[in-house]
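Naming convention: chains lettered A, B, ... in sequence-line order (proteins, then strands); numbering from 1 in each chain.
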Amino acid sequence: MSNFADFSTLLDSLYYTSSTKAKTRLLCEYLTNTPDPDRGWAIAVLSGTLQLEFFSRSTVKNLMLTHCDPVLFAMSYDYVGEMSETVAHMWPTPKTIELDCNRSLPSLNDIITEFSNTPKNAIPECLASYLDRFTPSQRWALVKLGTRGLRVGVSARLVKNILAEFASVSTIQVSDIETLWHGVSPPYTELLTWLEGKTPKPDVSDRIVFHPVMLAHPVTEAELANIDFNEWVAEYKYDGIRVQIVATSHGIGMFSRTGDDIAHSFPDVVELWQNTGVYGVFDGELLAFSDVDIGTFNQLQQRLNKKKPTKKLMNEIPCGIIIYDCLALGSGTQRCSLTELPLSERQTKLTEVLTPVIQHRIRLSPTITITSKTQCQRVRDEICERSGQRIEGLMLKRKTSLYMSGRPKGQWVKYKRDPMLVDAVIMYAQRGHGKRSSFYSDYTFGCWGTNEIGERVLLPIGKAYSGFSDAELHELDKWVRKHTIGRFGPVKEVAKELVFEVAFDSVHTSKRHKSGIALRFPRIHRIRWDKPANEADELTRLVGMIIQ
Amino acid sequence: MSTSTILEPHPDTWIEVRSAGIYCIPADVYIDPMQPVERALITHGHADHARGGHQRVWATLETITIMQQRYGIEHALLQTVVTFGEEINLTPEAEHPVFMCLYPAGHILGSAQIKLTYQGVSIVFAGDYKRTPDPSCPAFIPIDCDVFVTEATFALPVFNHPPIQDEIHKLILSLTRFPERCHLVGAYALGKCQRVILGLRQYGYHKPIYLHGALLKLCQTYREFGYDLGECVPVSEVDDYHSLAGEIVLAPPSALTDRWSRKLPDVLTCMASGWMQIRARTKQKRAELPLIISDHCDWQELLDTLDEIRPTEVWITHGREDALMHACNNMGIHARALRLIGYEDENNE
């Protein structure tokens, strides 16, 4: 028999264990000792394929607030830096319930079934009844599970490696599991029993299945100097999102880089593809389009995460796709895999198939011939400039590269434009979360502008919590503690004395900040311990860089 | 329990916070000063409370022994041993003398609360203390007083320290699951280390326990005071380190990740500390097995203690004072934060 306590013990052990070998042993032990469907649900939870969100973080928070002193909750949350854990420890254990926990604990399957079938308005009550019965560790596991926020240092990739290890049939390799992975679904009973040699291999040939994509490494200038350009081909690096089209005679799937099916958000693109009548697995970039050109990432962003976009939105921001690779052609038994062919041959076949059907919003990514490093730089800078940052650099691909999932070395590299930089002054700091809990690691910074009465003041332009080393984090944390001049709840205001060189990808107008602008992907590039704050940049400099 | 809320003379007028620490004006004496001073009262032997170089020191025999061991026999010119419950006049010549009395604090060997009484008004400095039973020192005794000075190291409702036997059980379970790995437990040399050893012995673990060199002297001190730690072997006396597979080795936390630990076979890092309740803290310490073993009160212990003593005022020395002040307000006890710096290192207990 297995219950939720076994599951939460597993999560705890995995969370704290750092060695892969020990993690493998822990998970294999669990898989051996736990019956279906619990063990399969655990696999789904660990690899992030359990698509259900049982309750939102705000549901949990509101429930907690009705069970404790809100002031103490706020202080605790600020200190712990993580909501699930704060709730796990702060939830008051009712005195009336006997803590004979193992006798009546539900299984993982019971929990998943119950939360999937409970109407939304009854969720808080259901959640509360479990929190009452659970230990802090089990509460943490439940809240993490329910809000899909679980991270215990086990990647989907590691899960597959461990499954291969778990397999009692010695011929089963990780690659076998990978090809099946997206064709099977939680609780993975057919997969697990196959690994144990009890059932035949699941047949997924007629399922619409995501194929793990091939990724690129960033390239340094030094590496670029060593590239023999005769062996490489270049393409533009579009600023959209990576998608995979899987077109079969049964239907069309459109997957994000991580394998989430996002077809429902882009029915316009799916329909365009449907009309081409082309079957196969295609790799490309999803972009917003205008009548004449491709759109900006900002426009595309308004289409993302819309479960059911309105006609109006689709008319305002039509989307399309630029295809650059092809993993398979044809459908069903006719399908033929191209992943073992070199890139140049895949591109020839892709061009043959797509040329007759290309149109404004379904395009082929053009290839560019590059002969030298200097030319490479020039082409990159020109195209970024000319496209108004809609193209963010170049992709360089080895002509002989096979299509390999993951990030194989020396095959594909990305050569992005240099980030833009601004010198800004740190204004506020907040404690970090997760690994950085209790360190002041989230910084709000600003540039010089003028306020309503014409004084020169700092106006916040953004927030960053990355780009520095652990050693720098410790120094910054110390600096913040020493230079605090005010407190607004968890936020500390600091003396306006320290300058960050902030790197970012682009500037947009924003109503959220007093400064009227927002930076895309800001990160700390350098800490300018040496630079006086009054020499930081003026806001006007950033306003001039806004992408319309 | 005091019924009147008017304290005369109010301790505000005769106790002050100076850069060297808390100072009692009429007795001309500091409590746990952080710099060398003329006259010092010491609650316990942890290095942030007991420093060397004072002219005159009052403390328990255990604390003075620990100080002698750390700072030399002559760490202070004049060392006065005080027994629990003994009343001492700190200013025999004064018209209004200040009386001192020590009571057990339940924190570590020799730890004491210090009660000062001046013109009938009393203040108790609890120092660091805890309420959970600890075989390595006598239990905390709640003392009637007008002002109770408390620490607030774990003063947030998320801190709820489990019984030590649960944590020892976790360690033993891990030894069964990973019998080929050397279980290296990080524990502070004074107090935590001996508590873990005694906890293991109470659990029924009678194999030798291996010790880092920095722990040896203080373990010997505990033995001299009559605590039976069982068989402990210095790691330096082990011929073949491979024989430490599946054994328990204790080391100060600083040794967990340094070169010293690399000679041990397939180390599984454990850390014994009250902070281990917070997952991220465990990760930050790179511990794989957190053992929530604390020398301090958890949240409920703090509240229960205040409720039991019901002082007119609570003063909070260091830690998470905001939350404890808030709780005092809810209990109708006037509270203020002294915000002493120097006692707290966020990462240490």
Side-chain angles (χ1 to χ4, degrees), chain A residues 9 11-19 21-23 25-26 29 64 67-82 84-93 135-137 140 144 151-153 431-439 470 473-474 477-478 481-482 487 489-490, chain B residues 152-162 166 170 173-174 176-181 257 266-271 274-292 298-300 302-303 319-331 341 344-347:
Chain A
T9 307
L11 293 187
D12 269 354
S13 328
L14 290 173
Y15 179 90
Y16 292 119
T17 303
S18 51
S19 107
K21 215 173 99 194
K23 282 181 190 185
R25 185 176 332 160
L26 287 165
E29 253 177 45
M64 188 71 229
H67 284 75
C68 72
D69 181 330
V71 176
L72 292 176
F73 177 76
M75 288 174 180
S76 301
Y77 177 42
D78 178 43
Y79 185 80
V80 175
E82 224 259 278
S84 319
E85 197 177 357
T86 314
V87 170
H89 291 310
M90 251 190 105
W91 186 265
T93 307
T135 64
S137 275
W140 182 78
K144 283 292 189 188
R151 277 197 216 115
V152 291
R431 287 182 196 266
H433 291 251
K435 191 174 102 179
R436 285 159 167 184
S437 123
S438 90
F439 283 109
D470 280 354
L473 170 62
H474 288 225
D477 177 70
K478 225 188 269 167
R481 286 167 197 271
K482 268 197 204 143
R487 280 171 89 161
Chain B
T153 310
F154 291 107
L156 279 175
V158 288
F159 290 110
N160 176 10
H161 300 144
D166 291 7
K170 267 167 42 184
L173 251 174
S174 174
T176 334
R177 176 172 266 154
F178 298 105
E180 78 288 6
R181 300 186 69 182
T257 48
D266 196 3
V267 168
L268 195 150
T269 310
C270 319
M271 177 72 196
W275 298 117
M276 292 300 108
Q277 193 165 359
I278 307 297
R279 283 166 192 270
R281 289 306 189 91
T282 305
K283 282 285 195 194
Q284 285 161 8
K285 284 273 177 195
R286 302 208 192 117
E288 293 188 73
L289 183 66
L291 303 173
I292 310 166
D298 67 12
W299 175 249
Q300 197 55 48
L302 285 168
L303 297 192
R320 266 118 296 277
E321 58 263 15
D322 292 352
L324 195 56
M325 296 238 295
H326 177 80
C328 284
N329 284 338
N330 288 349
M331 293 166 83
I341 22 182
E344 188 202 19
D345 176 353
E346 274 237 344
N347 286 307

Most heavy-atom pairs under 4.5 Å with chain B, out of A:Met90, A:Arg25, A:Glu29, A:Glu85, belong to A:Glu85
Pairs of heavy atoms under 4.5 Å with chain B: top-ranked of A:Leu72, A:Thr17, A:Asp12: A:Leu72
Aromatic ring pairing B:His161/B:Phe159, orientation class (parallel under 30°, perpendicular over 60°, tilted between): tilted
Should the pair B:Trp275 and B:Phe154 be assigned to parallel (<30°), tilted (30 to 60°) or perpendicular (>60°) ring geometry? tilted
Taking only residues two or more places apart in sequence, or in another chain, which ones meet A:Ser13 in a side-chain contact (heavy atoms from CB on, under 4.5 Å)? A:Thr9, A:Leu26, B:Arg177
What part of [X] gets closer than 4.5 Å to chain A, counting heavy atoms only: side chain, backbone, both or neither?
X: B:Glu180; answer: side chain
X: B:Asp322; answer: both
X: B:Ala327; answer: neither

Name the member of B:Leu268, B:Leu289, B:Val158 that forms the most heavy-atom pairs with chain A at distances under 4.5 Å. B:Val158
Among B:Thr282, B:Ile278, B:Asn160, B:Asn330, which residue has the highest count of heavy-atom pairs closer than 4.5 Å to chain A? B:Ile278
Go through the structure and list residues passing salt bridge (Lys or Arg N to Asp or Glu O under 4.0 Å) with A:Lys23, not counting sequence neighbours. none
When you measure from the side chain of A:His89 to the backbone N and O of A:Ser76, does any donor-acceptor pair fall under 3.5 Å? no
Stepwise, does the side-chain contact (heavy atoms from CB on, under 4.5 Å) test hold for A:Trp140 with B:Arg279? CA-CA 11 Å; A:Trp140 182 78; B:Arg279 283 166 192 270; 3.3 Å; yes
